[in-house]
S.K.: 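Have a look at this one.
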Amino acid sequence: MNILVVGCGRLGSRVADLLDRAGHDVSVIDMDEENFSRLSPDFNGVSVCGMPMDMDVLRNAGVESCDAVVVASPDDNLNITVSQIVQQFFGIENVIARISDPDREDVFQKLGLRTICPTKLAGSAMVTAVTSGSEERHITFDVSTARFSFTPAAKKFWDCSANMVPLPDDEALFGVLHPNGSMELVSEKHRVVLQEGDQLITAKIID
């Protein structure tokens with residue numbers, strides 16, 4: 001894919017490097033040329049210094065041939081403006097915008113923009129860590145991120161079906177991790193009886 005990344009800060013440079021290593025053709029725009037030093041020495045993409053809202057800068061970065069655009073600057077106002085420009089003027093549908101302020105997320109969505117909010121992701125992870133102490137993993141599917149938590153089965157549920165363990169309304173039981181490292185998926189057809197040392201794997205959509 002041809003992908004344009006707008007913003008070469010900590011997040012933008014990381015995204016650009018990952019996409020480049022995955023074999024995509026990547027271009028990066030940033031107003032500060034020094035920010036390009038954040039890119040890996042092995043980065044094979046194109047870097048363009050300039051104002052991302054400038055149509056000529058966007059064209060110089062190859063926006064007209066892009067399959068997708070990632071707008072990852074730390075400025076929400078800049079991100080929403082650039083996202084609208086590449087959608088409306090260059091006809092690019094696959095646009096992902098970073099948004100730092102969760103309260104502005106509705107504005108982005110009403111404009112038809114897909115967003116990733118690092119503030120919400122970090123906040124959810126910190127609350128989980130401080131209240132439950134359980135391990136967790138995050139997996140992102142397109143623009144939605146699922147959190148998988150691993151919680152030891154309480155003694156009172158040993159010898160009971162995993163489906164009997166009460167969960168919050170926004171969480172779903174995914175499976176059971178056994179002490180030997182094996183895992184069983186839980187479903188209506190496959191019920192797992194909990195034993196000492198088992199961990200419940202629960203899933204929750206966090207973005």
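Hydrogens, waters and symmetry mates are skipped; everything else that's a heavy atom, side chains included, is used.
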S.K.: Looking only at heavy atoms, which two atoms of G12 and A72 are closest? And how far apart?
M.R.: CA-CB, 4.0 Å
S.K.: Any donor and acceptor pair, going by atom type alone, linking the side chain of N35 with main-chain N or O of G9 inside 3.5 Å?
M.R.: no
S.K.: Compare all side-chain heavy atoms of R14 with those of R38 and state whether any distance is below 4.5 angstrom.
M.R.: no
S.K.: On a heavy-atom basis, which atom in V86 and which in V63 lie closest, and how many Å separate them?
M.R.: CG1-CG2, 4.0 Å
S.K.: Within the supplied structure, the quantity of interest is the number of heavy atoms (other residues, nucleotides, ligands) at a distance under 6.0 Å from R59 CZ; does it exceed 12?
M.R.: yes
S.K.: If Ile, Leu, Val, Met, Phe, Trp and Tyr residues are connected whenever their side-chain heavy atoms lie under 4.5 Å apart, and connections chain through other members, are V6 and V46 in the same group?
M.R.: yes
S.K.: Using the rule that two of Ile, Leu, Val, Met, Phe, Trp, Tyr join whenever any of their side-chain heavy atoms come within less than 4.5 Å, decide whether V176 and L167 are in one cluster.
M.R.: yes
S.K.: Is there a path from L177 to F157 through hydrophobic residues (I, L, V, M, F, W, Y) whose side chains come within less than 4.5 Å of each other?
M.R.: no
S.K.: More than 12 heavy atoms of other residues, nucleotides or ligands under 6.0 Å from CD of E171: yes or no?
M.R.: yes
S.K.: How many angstroms lie between CG in D54 and CG in N60, if you round to the nearest 0.5 Å?
M.R.: 8.5 Å
S.K.: Any heavy-atom pair between the side chains of Q84 and V95 that's under 4.5 Å?
M.R.: no
S.K.: Considering only heavy atoms from C-beta outward, does the side chain of V192 approach that of S161 to under 4.5 Å?
M.R.: no
S.K.: So, for L200 and A162, which heavy atoms are closest and what is the spacing to 0.1 Å?
M.R.: CD2-CB, 4.1 Å
S.K.: Atom CG in N77, atom CD1 in I99: separation rounded to 0.5 Å?
M.R.: 9.5 Å
S.K.: Take S182 and N180 through the side chain to side chain donor-acceptor pair (under 3.5 Å) test and state the conclusion after the steps.
M.R.: CA-CA 6 Å; S182 64; N180 64 2; 2.7 Å; yes
S.K.: Can you find a heavy atom in the side chain of D159 that is under 4.5 Å from one in the side chain of Q195?
M.R.: yes
S.K.: Give me the other members of the hydrophobic cluster that F43 sits in, counting Ile, Leu, Val, Met, Phe, Trp and Tyr linked by side-chain heavy atoms under 4.5 Å, directly or via other members.
M.R.: M1, I3, V5, L11, V15, L19, V26, V28, F36, L39, V70
S.K.: Does some side-chain heavy atom of R98 sit less than 4.5 Å from a side-chain heavy atom of I116?
M.R.: no
S.K.: Kindly determine whether V165 and L194 satisfy side-chain contact (heavy atoms from CB on, under 4.5 Å), including the steps that lead there.
M.R.: CA-CA 10 Å; V165 179; L194 296 172; 3.8 Å; yes
S.K.: Under the 3.5 angstrom rule, does the side chain of D67 hit a backbone N or O of N2 as a donor-acceptor pair?
M.R.: yes
S.K.: If you measure from CE on M164 to NZ on K156, what distance do you get to the nearest 0.5 Å?
M.R.: 11.0 Å
S.K.: Using a 4.5 Å cut-off on heavy atoms from C-beta on, say whether the side chain of R21 contacts that of S40.
M.R.: yes
S.K.: Which residue pairs pass the salt bridge (Lys or Arg N to Asp or Glu O under 4.0 Å) test when at least one of the two sits in residues 183-194, sequence neighbours left out?
M.R.: E188-R191
S.K.: Okay, side chain of D76, backbone of D101: is any donor-acceptor separation there less than 3.5 Å?
M.R.: yes
S.K.: What pair of heavy atoms forms the shortest contact from P74 to S100, and how long is it?
M.R.: O-OG, 4.1 Å
S.K.: Going by side-chain heavy atoms closer than 4.5 Å, which hydrophobic residues are tied to L18, directly or by a chain of links?
M.R.: none
S.K.: I need the minimum non-hydrogen distance between P179 and D198, along with the two atoms involved.
M.R.: CD-OD1, 3.3 Å
S.K.: For the CD1 atom of I85 and the CD1 atom of I80, what is their distance to the nearest 0.5 Å?
M.R.: 11.5 Å
S.K.: If you group Ile, Leu, Val, Met, Phe, Trp and Tyr by side-chain heavy-atom gaps below 4.5 Å, do V71 and M51 land in one group?
M.R.: yes
S.K.: Distance-only, no hydrogens or angles: does the S83 side chain make a donor-acceptor pair with backbone N or O of N79 under 3.5 Å?
M.R.: yes
S.K.: Answer yes or no: is there a side-chain heavy-atom contact under 4.5 Å between F174 and S149?
M.R.: no
S.K.: Which distance, rounded to the nearest 0.5 Å, do you find between the SG of C49 and the CD1 of I29?
M.R.: 10.0 Å
S.K.: May I ask you to check whether over 12 heavy atoms, not counting those of E64, lie within 6.0 Å of atom CD?
M.R.: yes
S.K.: Are L185 and H190 close enough that some pair of their side-chain heavy atoms sits under 4.5 Å apart?
M.R.: no
S.K.: Determine, step by step, whether L4 and S27 satisfy the side-chain contact (heavy atoms from CB on, under 4.5 Å) criterion, reporting the C-alpha distance in whole Å, the side-chain angles of both residues, the deciding distance to 0.1 Å, and the verdict.
M.R.: CA-CA 5 Å; L4 172 62; S27 298; 3.9 Å; yes
S.K.: How close do P52 and V82 get, heavy atom to heavy atom, and via which atoms?
M.R.: CB-CG2, 3.8 Å
S.K.: May I ask whether L78 and V57 are part of the same hydrophobic cluster, defined by side-chain heavy atoms of I, L, V, M, F, W, Y residues being less than 4.5 angstrom apart, directly or through others?
M.R.: yes
S.K.: Could you check whether any side-chain N or O of W158 sits under 3.5 Å from a backbone N or O of A153, counting only pairs where one atom can act as donor and the other as acceptor?
M.R.: yes
S.K.: Once rounded to the nearest 0.5 Å, what's the spacing between atom CD1 of I92 and atom SG of C66?
M.R.: 5.0 Å
